[in-house]
Asker: 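Structure incoming, see below.
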Amino acid sequence: MRKIRKLTMVIFLFSMILGTTHVSAADELLGTIVDGSLLTEETEVTTTVYPKARWAYLSDGTGTMTVTGTRTVRLSGSTTARKTVDLIYVNMYLQRLVNGTWCTYYIGTRVTKYDAYFVSITETDISVEGGYYYRAKGAHVINQDGTIESVSSYTDGIWID
């Protein structure tokens with residue numbers, strides 16, 4: 001009888017160990033929206049924002065974040081004007097979700113063009129720490145005859161294991 005109880009207990013404990021699932025922060029937050037960004041397990045996210053209709057020069061701003069390898073990402077973005085403007089720029093930032101707040105993790109190189117209507121940038125092989133959600137933020141700015149128009153783009157978040 002003791003052997004049967006011990007065997008039953010061993011089988012019970014073994015089944016409990018095998019049946020235990022790991023719940024991570026990604027599992028708990030997956031599918032929620034934090035500050036406008038849906039938290040996903042995608043490998044690429046893109047967003048395009050269109051500024052207010054009353055703006056005369058800025059057409060749109062686009063930002064993309066792509067997982068390129070184990071704990072490496074690529075950021076890319078662009079700014080488009082409705083016509084050739086004095087100055088146009090794009091700057092991409094990588095943000096990490098920490099305790100429910102998006103914090104800047106990496107600041108990309110700002111690319112500026114003069115007398116142009118389009119500018120783009122690609123930042124490659126950015127190393128990140130695992131165990132967090134990341135998103136791309138883009139700063140899209142135009143200056144025409146002293147009139148400044150700007151908009152920010154934010155992608156959805158991607159979990160990096």
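This structure is a prediction, so every number in the text was calculated from the model and none was measured.
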Asker: Quick one: do Tyr105 and Ile158 end up in the same hydrophobic cluster if we chain Ile, Leu, Val, Met, Phe, Trp and Tyr together by side-chain heavy atoms under 4.5 Å apart?
Answerer: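 Yes; tracing contacts between hydrophobic side chains, which count when under 4.5 Å, links both residues.
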
Asker: Does any donor atom in the side chain of Thr64 or Thr46 lie under 3.5 Å from an acceptor atom in the other side chain?
Answerer: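 Yes, because at least one side-chain N or O of Thr64 sits under 3.5 Å from a partner of the opposite role on Thr46.
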
Asker: Do the side chain of Glu149 and the main chain of Leu58 share a donor and acceptor less than 3.5 angstrom apart?
Answerer: yes

Asker: Nearest 0.5 Å, what's the CG-CH2 distance between Leu94 and Trp102?
Answerer: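 Between atom CG of Leu94 and atom CH2 of Trp102 there are 9.0 Å.
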
Asker: For Thr66 versus Glu44, what's the shortest heavy-atom pair and its separation?
Answerer: OG1-OE1, 2.8 Å

Asker: Could you work out, with ring pair (Phe, Tyr, Trp, His ring centres under 6.0 Å) as the rule, every residue matching Tyr132, not counting sequence neighbours?
Answerer: none

Asker: Answer yes if Ile126 and Met92 sit in the same cluster of Ile, Leu, Val, Met, Phe, Trp and Tyr residues linked by side chain heavy atoms under 4.5 Å apart, and no otherwise.
Answerer: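 Shared cluster, yes.
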
Asker: Check the side chains of Ser153 and Thr47 for a donor-acceptor pair under 3.5 angstrom, ignoring hydrogens and angles.
Answerer: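 Distance-only check fails for Thr47 and Ser153.
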
Asker: Atom OH in Tyr133, atom CG in Leu38: separation rounded to 0.5 Å?
Answerer: 9.0 Å

Asker: Is there a donor-acceptor pair under 3.5 Å between the side chain of Thr79 and the backbone N or O of Tyr89?
Answerer: yes

Asker: Determine whether Val128 and Ile107 fall in the same hydrophobic cluster, where Ile, Leu, Val, Met, Phe, Trp and Tyr are linked whenever their side-chain heavy atoms lie under 4.5 Å apart.
Answerer: no

Asker: State whether Asp60 and Arg82 are salt-bridged, where the test is any N-O pair (Lys NZ or Arg NE/NH1/NH2 against Asp/Glu carboxylate O) under 4.0 Å.
Answerer: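 The answer is no: the pair does not qualify as a salt bridge.
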
Asker: Just how far is it from atom CG of Asp145 to atom CG of Leu87, taken to the nearest 0.5 Å?
Answerer: 12.0 Å

Asker: Is there a donor-acceptor contact under 3.5 Å linking the side chains of Ser37 and Arg135?
Answerer: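 Yes, side-chain donor-acceptor contact under 3.5 Å.
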
Asker: Would Lys83 pass as a cation-pi partner of Tyr117, given that its NZ or CZ must be under 6.0 Å from the six-membered ring centre and within 45 degrees of the axis?
Answerer: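 Not flagged: Lys83 not positioned over aromatic ring of Tyr117.
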
Asker: May I have the step-by-step check of side-chain contact (heavy atoms from CB on, under 4.5 Å) for Gln95 and Cys103, ending in yes or no?
Answerer: CA-CA 5 Å; Gln95 295 187 321; Cys103 304; over 6 Å; no

Asker: Check whether any side-chain heavy atom of Val90 sits under 4.5 Å from a side-chain heavy atom of Arg110, and report yes or no.
Answerer: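 Val90 does not reach Arg110 side chain to side chain.
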
Asker: For Leu75, is there any backbone N or O sitting under 3.5 Å from a side-chain donor or acceptor partner on Glu123?
Answerer: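 Pair absent, no side-chain N/O of Glu123 close to backbone of Leu75.
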
Asker: Is a side-chain N or O of Thr40 found less than 3.5 angstrom from the main chain of Glu42, in a donor-acceptor match?
Answerer: yes

Asker: Could you give the distance from CG (Leu39) to CG (Leu29), rounded to the nearest 0.5 Å?
Answerer: 6.0 Å

Asker: What pair of heavy atoms forms the shortest contact from Thr80 to Ile142, and how long is it?
Answerer: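 Minimum heavy-atom contact is O-CD1, 4.2 Å.
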
Asker: Run the side-chain contact (heavy atoms from CB on, under 4.5 Å) test on Val67 and Ile160 for me, step by step, so that the C-alpha distance in whole Å, both residues' side-chain angles and the decisive distance to 0.1 Å come before the verdict.
Answerer: CA-CA 8 Å; Val67 178; Ile160 304 291; 3.7 Å; yes

Asker: With hydrophobic residues grouped by side-chain heavy-atom distances under 4.5 Å, do Val141 and Tyr114 end up in a single group?
Answerer: yes

Asker: For residues Val49 and Tyr93: do they belong to one hydrophobic cluster (side chain heavy atoms under 4.5 Å, members Ile, Leu, Val, Met, Phe, Trp, Tyr)?
Answerer: no

Asker: Report yes or no: does Thr155 contribute a side-chain atom to a donor-acceptor pair with the main-chain N or O of Met65 at less than 3.5 Å?
Answerer: no

Asker: Got a donor-acceptor contact below 3.5 angstrom from the Tyr134 side chain to the Val73 backbone?
Answerer: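 No.
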
Asker: For the residue pair Ser59 and Pro51, what are the closest heavy atoms and their distance?
Answerer: O-CD, 3.2 Å

Asker: Quick check: are there more than 12 heavy atoms from other residues, nucleotides or ligands sitting under 6.0 Å from CZ of Phe118?
Answerer: yes

Asker: Under 3.5 Å, side chain of Asp86 to main-chain N/O of Gln144, donor-acceptor pair present?
Answerer: no

Asker: Quick check for you: to the nearest 0.5 Å, what is the distance between Leu97 atom CG and Asp35 atom CG?
Answerer: 9.5 Å

Asker: The test is side-chain contact (heavy atoms from CB on, under 4.5 Å); show your working for Tyr106 and Arg96 and say whether it passes.
Answerer: CA-CA 9 Å; Tyr106 172 87; Arg96 179 167 74 184; over 6 Å; no

Asker: Do side-chain atoms of Thr122 reach the backbone of Ser76 as a donor and acceptor pair under 3.5 angstrom?
Answerer: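 No; judged by distance alone, with no hydrogens or angles, the pair does not exist.
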
